[in-house]
Amino acid sequence: MSNAKDIFLKEATTAAADGPQRIFINKALGGYYANRDIQKARFRDWERARDAASLAKWEAVNDLANTLEAFVAKFESNGGKVHWARNAAEAREIILQLIAAANAKAVVKSKCMTTEEIHLNDALEKAGYSVVESDLGEFIQQLRGEAPYHFVFPCMHVKREEISALFTKHLGTAATNSPEELTMIARRHLRQLYVDADVGITGANFLVAETGQISITENEGNARLTAALPRIHIALSGIEKVVKKLDDLSVLLPMLATAGAGQPMTCYNTLYSGPRKPGECDGPEEFHLVLLDNARTQLLADPEQRDALHCIRCGACLNVCPIFKNIGGLAYGTTYQGPIGSVITPHLRGLKQWNHLSGASSLCGACTDACPVRIDLHHHLLHNRRNANQTSPTWFDRLFHRGFNFVISRPRLFAFGGRVFRFTLPVLKKIPLPYLSAWLKTRDLPPAPAQSFRQQWKDSSHG
Amino acid sequence: MANARSEILSRIREALKVVAPKPHFKSEPIGGSVAQNAKPWLPDGGATVAARLALLTENLAKLKANLIRVPDAVAAQQVLQGIARDKNWKKVAYHSHPLVAPAVEALTCEKWEVTSSFNKQKLEGCDAGVTSCEAIVAQLGSILVSSASSGGRSLSILPHVHVVIATVDQVTADLEGCFSDMLGRHGQKLPSMLSFITGPSRTGDIERILVLGAHGPKELYVILVG
Amino acid sequence: MRISLFIPCFVDQLAPQVGLATVKVLKKLGHDVEFRAEQTCCGQPSYNSGQWEVAREGAIRALKIFRGAEVVVGPSGSCVAMIKKFYPDLLKDTPHAAEAKELAQRTFEFSEFIVRQLGVTDIGATLNKKVTYHDGCHAMRELRLKEEPRQLLRAVRGLELIETEESESCCGFGGLFSVKFPMISTAMVQVKGGALARTGADYVVSSDPSCLLQIGGWLTREGKPIRPMHIAEVLAEGLPANV
Ligand code: SF4
């Protein structure tokens, strides 16, 4: 058993047994469901809009090299500088060098999961820079010293009392139970930090090849401030975020907002095409974009699952996932939680270590139905299971299924085995058999019937 | 790291040698421009001026933004004065624009025009930022500001209140049309920032409860002239 | 029409009454029913566990067993989805691809067959009970059946159908998932079963016997009064004994 799997099983089991926490998460998501349905109803044809969104991403991803090159040419002609990073270490290195070259002291960040993926904060802090997460949820998680719980709603599992106590401890503010007041505490605290920071780091939701712009989606305005006030703007993006045309965003932005947060549009959708231009009264002097591979090309090489690179990180699949809702986001131990995380983490970080996430699903398919870009999520979990079996089979599984197949390929043996099982079931229930006892721990089995269907069929006039 | 670029690009080209089938849909396939095709499936933007204005009014109300319609520039000035008085503004930032400057200059409080000798600390101390915009999208209730038309990047985001003064003919139906207008207007020289503002700044990070004014403006006023 | 029954392995061994009810209803509708006794299990447990080599053998056996059958009807959304959706996927790029596609086209889930193929919604059943419906994930999301079972239930005399807000939530069964990750599976059935129990219905009805095994198992363990019942059993209620 792999380490990641053991940790997952332990964490997931603990979380699944925490009734009050599960109720809290469900309640928090209640408002999302209602708003999402309202916004979906405003689409004249949501299902066809999903077709269009998936096609827009398909076109870019399946022509990725050309689309990226076109993007980069435009981006650089607008005055920005592109840096390519093969992996997380290179990306960290590039960013550290940029910051050092700028002689910067303070760095302000807006929410960006890709920086989580490369563990940027650790690297910056080790290098002696002060780094502040400006997104409220990320700010809270940073103070808690905890990874984001959900890649769109980072601290959705934290109760207001805990946030109040956290602020009292770190910021010395008075206790309050009002979400409004807590938000204002963070607002006041962070404002001066934007003004003082030399470098602002953001992510990117889309890269537009046609115009060389990067698009950032956010609700709070912290990314706007991060890209406006510091002298240097550094953005980090996965290579798969590119789209071909500016107007592709006319489909993708409303869908991202609707699927992700039940909004018609996220509050700020901002396109940046370069540093401050002559005649503009503010904005950064330098604009850098780090393009990250970090095993994305590995996922790209699998045509069956290539569509996982269409992901726009809306989080809809997490919000509807019964696994996510019952075990929470921390148990996954991954940057990307929920169904999409279970699909891509084995590609990004190794199938052998991470295949258990593909197994931890009832394959209900709620994620696939929710995904605005129609990623075939739950079937990809099946594909991962198959691939894991081919590359690193476990002897128990092999034996179990070979044995099972031996029985079911022989109807008489099956019928005989079934009869033995039914008659001995009362006894079997009392001995600790691997799967049966796991079932019986929380669930009953109905009493076994004396006769199977096939016996009754044979005995009746039909036979 | 000079060869990172070529290495990643060649990894991509290698990976794409096996083609992934184009997604096939239950209903008819989509040919040509994705955005053009998708237009009739997305939220409606209104076919007539009246329909667009009705949609915009409804959308802004739901977003908790304040829409005030006025007949002319003089009325816009009066409305702005009214807000400044009610909110007891001490200092207002603005940029030079034919719709904005006269309205702000008529205010009695301290006024500060942002120029290229920009001072972010000073802007931080302002109660409100007054700007023009590039366009307003009826379909979504979004205001498009840009670094060229709206006094740079910070004016519309740093002060606690953002007031947009626009004219009725700036209201476009939908996002797709807005993008094509922008490409038509600016061509290859797009402003360094284009931002769709859809309601006042907000967060739901604490227990998914909506709070306005997370980092950006707590209040958004749209004064629509004409 | 001559209907070939597709009886899932655990229905055969643990819930034969579901198979018998299926027969009764199909006969009531005036059709011949056959049961090809070489069938055992569709191979889904192996397929879901990533053992596609093993599952493929099961799929090929099923193709042979049902060769020549006019239509194949099974009282399980999940097992029918295995034949209809997953066999063609498993067997694509093999010599069996065409036959798998062809079998998929003439295989139907019980309620799908009655409503969509036969165009019938009223079987003539009577059941004076309150019931609530559980949408099995495979029936709902792989086969896109949502209204069909409800149409059948609404036509049952005396039956009151109560919807629950969790009707589309997964029960947490997921085959071997239920025993490989028992705590997550249990958490899921707590959400599902709790909502079902709160409806005050007498029965939770589903087209999927495997979901009912999970839901029923939890409900009994928790001492909740609501009982599981397969839709075929509901539709067989109040029909003359020998049709
Ligand atoms: S996989 Fe789909 S639903 Fe999940 S985050 Fe990505 S785009 Fe959203």
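Chain naming here is simple, since letters A, B, ... match the order of the sequence lines and numbering starts at 1 in each.
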Specify which of [options] makes the most heavy-atom pairs with chain B at under 4.5 Å.
{"options": "S273(A), A301(A), G30(A)", "answer": "S273(A)"}
{"options": "H157(A), R306(A), K277(A)", "answer": "R306(A)"}
{"options": "F287(A), Y194(A), F153(A)", "answer": "F153(A)"}
{"options": "S134(A), A186(A), G31(A)", "answer": "S134(A)"}
{"options": "M156(A), R160(A), K74(A), R50(A)", "answer": "R160(A)"}
{"options": "G279(A), A228(A), A53(A), G80(A)", "answer": "A228(A)"}

Under a 4.5 Å heavy-atom cut-off, does chain B meet the side chain of [X], its backbone, both or neither?
{"X": "Q298(A)", "answer": "neither"}
{"X": "R42(A)", "answer": "both"}
{"X": "V61(A)", "answer": "backbone"}
{"X": "E59(A)", "answer": "side chain"}
{"X": "Y32(A)", "answer": "neither"}
{"X": "D307(A)", "answer": "neither"}
{"X": "L249(A)", "answer": "both"}
{"X": "L246(A)", "answer": "both"}
{"X": "V158(A)", "answer": "backbone"}
{"X": "Q263(A)", "answer": "side chain"}
{"X": "Q192(A)", "answer": "side chain"}
{"X": "T258(A)", "answer": "neither"}
{"X": "Q213(A)", "answer": "side chain"}
{"X": "I163(A)", "answer": "side chain"}

Can you tell which part of [X] gets under 4.5 Å to a heavy atom of chain A, answering side chain, backbone, both or neither?
{"X": "P21(B)", "result": "backbone"}
{"X": "H160(B)", "result": "both"}
{"X": "V19(B)", "result": "backbone"}
{"X": "N59(B)", "result": "side chain"}
{"X": "I209(B)", "result": "side chain"}
{"X": "L144(B)", "result": "neither"}
{"X": "E176(B)", "result": "both"}

Quiz question: by atom type and distance under 3.5 Å, do the side chains of R224(A) and S156(B) form a donor-acceptor pair?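 Present: a donor and an acceptor within the cut-off.
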What I want to check is whether the side chains of E280(A) and S192(B) have a donor and an acceptor closer together than 3.5 Å.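 A pair is found: one side chain offers a donor N or O, the other an acceptor, under 3.5 Å apart.
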Let's go through S250(A) and D174(B) carefully: what are the C-alpha distance in whole Å and the side-chain angles of both, what is the deciding distance for side chain to side chain contact (heavy atoms under 4.5 Å, CB included) to 0.1 Å, and is it a yes or a no? CA-CA 8 Å; S250(A) 70; D174(B) 56 25; over 6 Å; no
Name the member of [options] that forms the most heavy-atom pairs with chain A at distances under 4.5 Å.
{"options": "N37(B), D205(B), L158(B)", "value": "D205(B)"}
{"options": "E14(B), K218(B), M193(B)", "value": "M193(B)"}
{"options": "Q121(B), K22(B), M182(B)", "value": "K22(B)"}
{"options": "A148(B), P40(B), A38(B)", "value": "P40(B)"}
{"options": "L140(B), L42(B), L212(B), V145(B)", "value": "L42(B)"}
{"options": "G204(B), S146(B), G177(B), P191(B)", "value": "P191(B)"}

Should [X] and [Y] count as side-chain neighbours, where that means a heavy-atom distance under 4.5 Å?
{"X": "Y268(A)", "Y": "S201(B)", "result": "yes"}
{"X": "R276(A)", "Y": "S147(B)", "result": "no"}
{"X": "M184(A)", "Y": "V211(B)", "result": "yes"}
{"X": "V34(B)", "Y": "K244(A)", "result": "no"}
{"X": "W41(B)", "Y": "V251(A)", "result": "no"}
{"X": "L63(B)", "Y": "P264(A)", "result": "yes"}
{"X": "L271(A)", "Y": "F179(B)", "result": "yes"}
{"X": "I8(B)", "Y": "I239(A)", "result": "yes"}

So which heavy atom on [X] is nearest to which on [Y], and how close?
{"X": "G274(A)", "Y": "R153(B)", "result": "O-NH2, 2.8 Å"}
{"X": "C281(A)", "Y": "V114(B)", "result": "SG-CG2, 4.0 Å"}
{"X": "M265(A)", "Y": "S142(B)", "result": "CG-OG, 3.6 Å"}
{"X": "V18(B)", "Y": "P303(A)", "result": "CG1-CG, 3.5 Å"}
{"X": "T183(A)", "Y": "A214(B)", "result": "CG2-CA, 4.0 Å"}
{"X": "D282(A)", "Y": "G152(B)", "result": "OD1-CA, 3.2 Å"}

Dump the intermediate steps for side chain to side chain contact (heavy atoms under 4.5 Å, CB included) on I12(B) and L300(A), then the final yes or no. CA-CA 7 Å; I12(B) 294 172; L300(A) 189 74; 3.7 Å; yes
In this structure, which one of L64(A), T297(A), N66(A) forms a side-chain contact (heavy atoms from CB on, under 4.5 Å) with R13(B)?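 Among L64(A), T297(A), N66(A), the one that satisfies the side-chain contact (heavy atoms from CB on, under 4.5 Å) with R13(B) is N66(A).
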Identify the residue among V195(A), D196(A), L225(A) that makes a side-chain contact (heavy atoms from CB on, under 4.5 Å) with K120(B).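 The single option meeting the side-chain contact (heavy atoms from CB on, under 4.5 Å) with K120(B) is V195(A).
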Gap between atom CG of D247(A) and atom CG of L183(B) - 0.5 Å precision: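 Reported value, rounded in 0.5 Å steps: 8.0 Å.
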Report the C-alpha separation of F196(B) and T270(A) in whole Å, then their side-chain angles, then the decisive distance to 0.1 Å, and conclude whether the side chain to side chain contact (heavy atoms under 4.5 Å, CB included) test is met. CA-CA 6 Å; F196(B) 291 93; T270(A) 310; over 6 Å; no
Counting N and O atoms only, with roles assigned by atom type, does the side chain of R187(A) sit under 3.5 Å from a partner on the main chain of G213(B), one being a donor and the other an acceptor?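 Yes; judged by distance alone, with no hydrogens or angles, the pair exists.
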Between E69(A) and R5(B), is there a salt bridge with N-O shorter than 4.0 Å?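 Looking at R5(B) and E69(A), the cut-off is met.
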